[in-house]
Amino acid sequence: MNIPYRIGIGYDVHRWAEGRDLILGGVRIPHSVGLLGHSDADVLTHAIMDALLGCLALGDIGKHFPDSDEKYRGARSVLLLEHVVQLIGEHGYVPSNVDTVLVAEQPKLSPHIESIRQSLAGYLGLPIDCVSVKATTTEGLLYTGNPGGMACYAVAMVAPK
Ligand code: MG
């Protein structure tokens, strides 16, 4: 049976850290703290990459970009996303659309959603109406420990070229 479209899911969490930038979808968001990680800790882009890799059962970003590799220290995650899109292409597919949910109590993300979508659309090679970024809080119930953090869910679909 030929299944033309394939779907994947991604999930990631990073903790808040003093003295770090908050980068979401390659966009720097003004905030009092940033996210801790080996790379730029772009939790949104990480979840999208895992969703895209999952579409074709290609493993996860830990396999493709191990945090034990000094090459990826401080890496801009959107550039890794470009690699993932290229890899998907080598398997005969292109991203079709992505949908995401960022989960954090702070900061207020609604003023930044459009610029984040625009940024991601460029790296994904998609029109902006195929890149959905949503944000929610957990009413103070999750990811609020000390120091707390931000989580992201992503779903992606890929189509044959
Ligand atoms: Mg991550």
Side-chain angles (χ1 to χ4, degrees), residues 6-89 91 95 97-109 112-113 115-126 130-138 141-158:
R6 298 186 59 147
I7 194 168
I9 186 173
Y11 172 71
D12 195 23
V13 184
H14 283 262
R15 67 174 64 207
W16 295 122
E18 304 276 349
R20 297 266 306 180
D21 285 337
L22 174 58
I23 308 291
L24 296 174
V27 177
R28 186 179 169 278
I29 309 297
H31 192 40
S32 56
V33 289
L35 293 171
L36 188 63
H38 184 71
S39 66
D40 62 1
D42 185 338
V43 66
L44 171 60
T45 299
H46 291 184
I48 291 172
M49 286 194 284
D50 264 354
L52 286 170
L53 291 169
C55 288
L56 298 178
L58 295 173
D60 59 27
I61 56 173
K63 171 182 165 184
H64 292 271
F65 312 108
D67 64 10
S68 55
D69 191 333
E70 281 303 309
K71 184 165 57 173
Y72 300 119
R73 182 175 295 282
R76 288 186 65 208
S77 297
V78 284
L79 300 183
L80 306 183
L81 174 60
E82 281 188 327
H83 281 286
V84 169
V85 172
Q86 186 181 346
L87 184 65
I88 298 288
H91 284 75
N97 73 295
V98 299
D99 187 18
T100 61
V101 184
L102 283 159
V103 187
E105 304 308 314
Q106 295 177 14
K108 191 165 181 51
L109 292 171
H112 308 290
I113 293 293
S115 56
I116 292 170
R117 290 175 65 209
Q118 194 78 57
S119 171
L120 284 170
Y123 293 104
L124 287 161
L126 285 173
C130 293
V131 181
S132 168
V133 177
K134 310 187 297 294
T136 188
T137 74
T138 68
L141 296 173
L142 293 175
Y143 315 116
T144 56
N146 186 13
M150 181 179 283
C152 187
Y153 300 88
V155 173
M157 186 166 275
V158 297

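Nothing here was measured: the structure is a model prediction, and the numbers come from that model. Note that ligands are numbered from 1 as they come in the structure, with each ligand's atoms numbered from 1 the same way. Each residue takes its place number in the sequence, starting with 1.
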Are the side chains of Val103 and Tyr143 in touch, meaning some heavy atoms are under 4.5 Å apart? yes
Determine yes or no for a side-chain-to-main-chain donor-acceptor pair under 3.5 angstrom, with Asp21 supplying the side chain and Arg28 the backbone. no
Under 4.0 Å between a Lys/Arg side-chain N and an Asp/Glu carboxylate O for Arg20 and Asp40? no
Listing by chain and number, what protein N/O/S atoms are under 2.8 Å from the Mg ion (ligand 1)? Asp12 OD2, His14 NE2, His46 ND1
Set of side-chain contact (heavy atoms from CB on, under 4.5 Å) partners for Glu18, sequence neighbours left out: Val33
Look at the aromatic rings of Tyr72 and Phe65 and report parallel, tilted or perpendicular, splitting at 30° and 60°. perpendicular
Do His38 and Asp67 meet the criterion of a side-chain donor-acceptor pair at a distance under 3.5 Å? no
